[in-house]
Amino acid sequence: SVSVRRVCLRNRETRENSSYYEVSLILGPQTVTMASRLDQFKNKGRSADSERQKRVTQTVQLRKARREEQAMKKRTIATKPPGGEEHIEMEDAQVATFLGSLKAQLELDDPEAVLSTVKSLRQLLAQEKAPPIAAICETGCLPRLVMFLHQHDYPEIQFEATWVITNIASGQSEHTRAVAEEEAVPILIELLRSPQLETREQAVWALGNIAGDCHELRDFVLSCGVLPPLLRIIDIETATTILRTTAWTISNLCRGRKPPPDFDIVRHALPKLQKLLNSGDDEILIDVCWTLVFLSHGPPKQIQCVIDAGLCARLVELLQVGNPNIVTPALRALGSITNGTNLQTQIVINCNLLPSILSLLLDPQNLHRKEACWIVSNITAGTTQQIQDVINANIIPQIVKALADGNYKTKREATWAICNATSCGTDKQIRYLVSRGCLPPLCSMLTVEGDIKALGITLDGLTNILHVGSHGPDSPNDFADEVEASRGKEYLEQLTFHDNPKIAQRSEYLLQQYLTFQSEAMQAAPNAFEAGAAPGQGFDLGMI
């Protein structure tokens with residue numbers, strides 16, 4: 001009879017990410033080699049790459065970090081213009097009077113009077129508390145303001161109008177849509193080539209606000225050809241302010257997964273991101289790293305484009321900068337890349353990733369422990385050499401520690417890391433895991449409630465470990481005493497009464513196959529647990 005190790009490569013299709021893109025989208029005696037076991041049960045009818053690719057579909061749960069301005073998809077300009085005058089504060093009655101004559105003032109033939117009115121409008125919108133965006137839109141002046149964007153002979157009016165439209169587009173979705181419906185997007189894209197630096201920056205900002213509203217407007221802005229002139233700004237500009245705004249706008253153009261932007265369009269941003277990723281400005285680095293999170297979340301072909309842009313080494317470097325607002329997206333981008341093929345994972349490992357992961361796991365503040373465990377789980381789902389690389393980097397003791405004393409989400413990721421290693425590793429590597437103390441905390445995961453998948457992968461991992469410790473039905477398992485000392489046998493007995501029949505059956509199987517002598521097992525074994533039955537033959541041991 002033959003027993004085989006279970007395969008628990010992750011497949012987290014049900015995980016949802018709802019925090020980084022919060023905007024509502026409108027729209028036995030016989031010896032069997034590890035390879036043969038995997039061929040028979042793990043990859044029957046499938047390739048190793050296709051199995052690994054199951055993990056590509058995961059969406060990483062993004063921590064609800066308070067990124068404030070960096071996480072905002074829209075931004076209001078409240079800073080002073082080049083002239084330095086303060087924005088105006090009006091009482092409600094004054095606002096009503098001003099708005100009552102606004103449309104008429106904007107239709108005057110006197111450029112100076114029009115400029116003064118647009119400036120006052122911009123100052124009114126720049127107030128920090130409740131700028132009257134809706135009231136301004138209700139005056140019907142938006143078409144006139146968009147017309148001023150074409151006033152190349154009056155660059156001051158053009159600049160002020162661009163600023164006003166930027167702040168209107170930062171309002172509610174209906175305000176942003178109103179701007180787009182007045183055909184402002186094409187002229188704003190044209191203004192990306194304006195000879196006036198201030199106007200170029202305001203146009204970038206306005207387009208970022210429009211693209212950040214919803215996937216429909218994002219895709220519309222992209223379809224209008226925004227990327228080429230926007231990327232040109234990265235080539236020609238050196239001022240930090242406009243590069244910050246450009247990096248943020250690009251992130252909005254690449255943001256979203258339901259649906260994602262057209263990758264064939266946004267991938268052209270990748271070569272230009274190299275310059276921004278080497279910036280010394282934290283705000284630029286934060287937005288570029290989030291852009292890479294968005295662009296690296298996809299199939300291997302998409303991941304390869306990120307790799308080919310030469311960005312992996314710099315992302316690894318950024319894991320050591322100490323700013324969690326940079327480290328978090330850099331880590332998640334690297335995690336998405338390690339979701340790719342074995343070769344793609346190896347490319348990141350070759351960038352000296354593992355020492356940085358160890359450093360994050362050793363961080364006493366544990367800010368990125370969960371994400372670090374997630375990346376390790378992606379690596380341990382790879383080749384035996386990649387698992388050995390993790391072992392050689394002395395990472396396993398820290399994964400075991402995270403499994404023992406981390407918060408629940410961290411423990412869950414650490415469980416994946418250990419169980420993937422038991423599925424894809426050699427017998428020697430699995431024995432190493434046990435020697436580093438993985439069994440007690442892994443057995444404790446048998447007590448989790450309300451997480452069937454976590455129980456499933458824990459049972460898979462224990463099956464793999466106990467299989468390696470098995471010497472046949474007439475001899476005790478090498479790891480039976482430790483499992484029992486860790487209360488694993490007790491927990492398994494309790495799970496035989498679990499409401500989920502698969503969990504109950506799998507727990508019963510472990511007890512009968514590995515933790516009971518054959519003579520005892522035969523007395524109690526139902527047909528599904530007859531001697532020699534391989535995991536999965538009596539019942540489905542697949543992922544739940």
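Hydrogens, waters and symmetry mates are skipped; everything else that's a heavy atom, side chains included, is used. Since this is a predicted model, take the numbers as computed values, not measurements.
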Interatomic spacing from [atom1] in [X] to [atom2] in [Y] - rounded to 0.5 Å:
{"X": "K301", "Y": "F263", "atom1": "NZ", "atom2": "CZ", "value": "9.0 Å"}
{"X": "I375", "Y": "S336", "atom1": "CD1", "atom2": "OG", "value": "8.5 Å"}
{"X": "D389", "Y": "I379", "atom1": "CG", "atom2": "CD1", "value": "8.5 Å"}
{"X": "I157", "Y": "K119", "atom1": "CD1", "atom2": "NZ", "value": "10.0 Å"}
{"X": "S279", "Y": "D281", "atom1": "OG", "atom2": "CG", "value": "5.0 Å"}
{"X": "L207", "Y": "L188", "atom1": "CG", "atom2": "CG", "value": "5.0 Å"}

Say whether, by atom type as modelled, one donor and one acceptor occur between the side chain of [X] and the main chain of [Y] under 3.5 angstrom.
{"X": "T199", "Y": "S194", "answer": "no"}
{"X": "S251", "Y": "D287", "answer": "no"}
{"X": "S296", "Y": "L292", "answer": "yes"}
{"X": "R218", "Y": "R255", "answer": "yes"}
{"X": "Q386", "Y": "T380", "answer": "no"}
{"X": "E201", "Y": "E198", "answer": "no"}
{"X": "H297", "Y": "F294", "answer": "no"}
{"X": "K275", "Y": "I234", "answer": "yes"}
{"X": "T345", "Y": "T338", "answer": "yes"}
{"X": "T166", "Y": "Q202", "answer": "yes"}

- Message: Please determine whether side-chain contact (heavy atoms from CB on, under 4.5 Å) holds for the pair Y408 and V448, giving the CA-CA distance in whole Å, both sets of side-chain angles, and the decisive distance to 0.1 Å.
- Response: CA-CA 9 Å; Y408 181 70; V448 302; 3.7 Å; yes
- Near E183 CD, under 6.0 Å, is it more than 12 heavy atoms from other residues, nucleotides or ligands? no
- Task: Please say whether more than 12 non-hydrogen atoms of neighbouring residues, nucleotides or ligands are located less than 6.0 Å from NZ in K411.
- Result: yes
Short side-chain donor-acceptor distance under 3.5 Å, [Y] and [X]:
{"X": "H152", "Y": "Q196", "value": "no"}
{"X": "N342", "Y": "Q346", "value": "no"}
{"X": "T410", "Y": "N407", "value": "yes"}

- Carboxylate-amine/guanidinium proximity below 4.0 Å for E283 and R244: yes
- Electrostatic pair R369:E413 at N-O distance under 4.0 angstrom: no
- Heavy-atom side-chain contact between R412 and K453 under 4.5 Å: yes
- Message: Taking the side chain as everything from C-beta on, heavy atoms only, tell me whether H368 gets closer than 4.5 Å to T328.
- Response: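 Yes, at least one pair of side-chain atoms sits under 4.5 Å.
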- Item | Pairs meeting criterion salt bridge (Lys or Arg N to Asp or Glu O under 4.0 Å) with involvement of residues 130-154, two or more places apart |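 Listed by first then second residue: nothing to list.
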- Message: Tell me which pairs pass salt bridge (Lys or Arg N to Asp or Glu O under 4.0 Å) where either residue lies in residues 303-313, with sequence neighbours left out.
- Response: none
Can you give each donor-acceptor pair under 3.5 Å made by side-chain atoms of residues 223-232, sequence neighbours left out, with the distance rounded to 0.1 Å?
unit_1: S223; atom_1: OG; unit_2: D219; atom_2: O; d: 3.4
unit_1: S223; atom_1: OG; unit_2: F220; atom_2: O; d: 2.7

- Item | Audit row: W163, W205, side-chain contact (heavy atoms from CB on, under 4.5 Å) steps and yes/no | CA-CA 9 Å; W163 192 317; W205 206 319; over 6 Å; no
- Return the set of residues passing side chain to side chain donor-acceptor pair (under 3.5 Å) with H268 (not counting sequence neighbours), or none when no residue passes.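 By the side chain to side chain donor-acceptor pair (under 3.5 Å) rule, H268 matches no residue at all.
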- Message: Restricting to side chain to side chain contact (heavy atoms under 4.5 Å, CB included), what partner residues turn up for T139, sequence neighbours left out?
- Response: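 Only L99, L102, C141 meet the side chain to side chain contact (heavy atoms under 4.5 Å, CB included) criterion with T139.
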- Task: Please report the C-alpha distance between L125 and I168 in whole Å, then the side-chain angles of each, then the deciding distance to 0.1 Å, and finally whether the side-chain contact (heavy atoms from CB on, under 4.5 Å) criterion is met.
- Result: CA-CA 8 Å; L125 283 170; I168 291 175; 3.9 Å; yes
For residues 314-324, which side-chain N or O atoms pair as donor and acceptor with protein atoms under 3.5 Å away, sequence neighbours left out?
unit_1: R314; atom_1: NE; unit_2: L277; atom_2: O; d: 2.8
unit_1: R314; atom_1: NH1; unit_2: E317; atom_2: OE1; d: 3.1
unit_1: R314; atom_1: NH2; unit_2: L277; atom_2: O; d: 3.4
unit_1: Q320; atom_1: NE2; unit_2: S356; atom_2: OG; d: 3.2
unit_1: N323; atom_1: OD1; unit_2: N325; atom_2: N; d: 2.9
unit_1: N323; atom_1: ND2; unit_2: D282; atom_2: OD2; d: 3.1

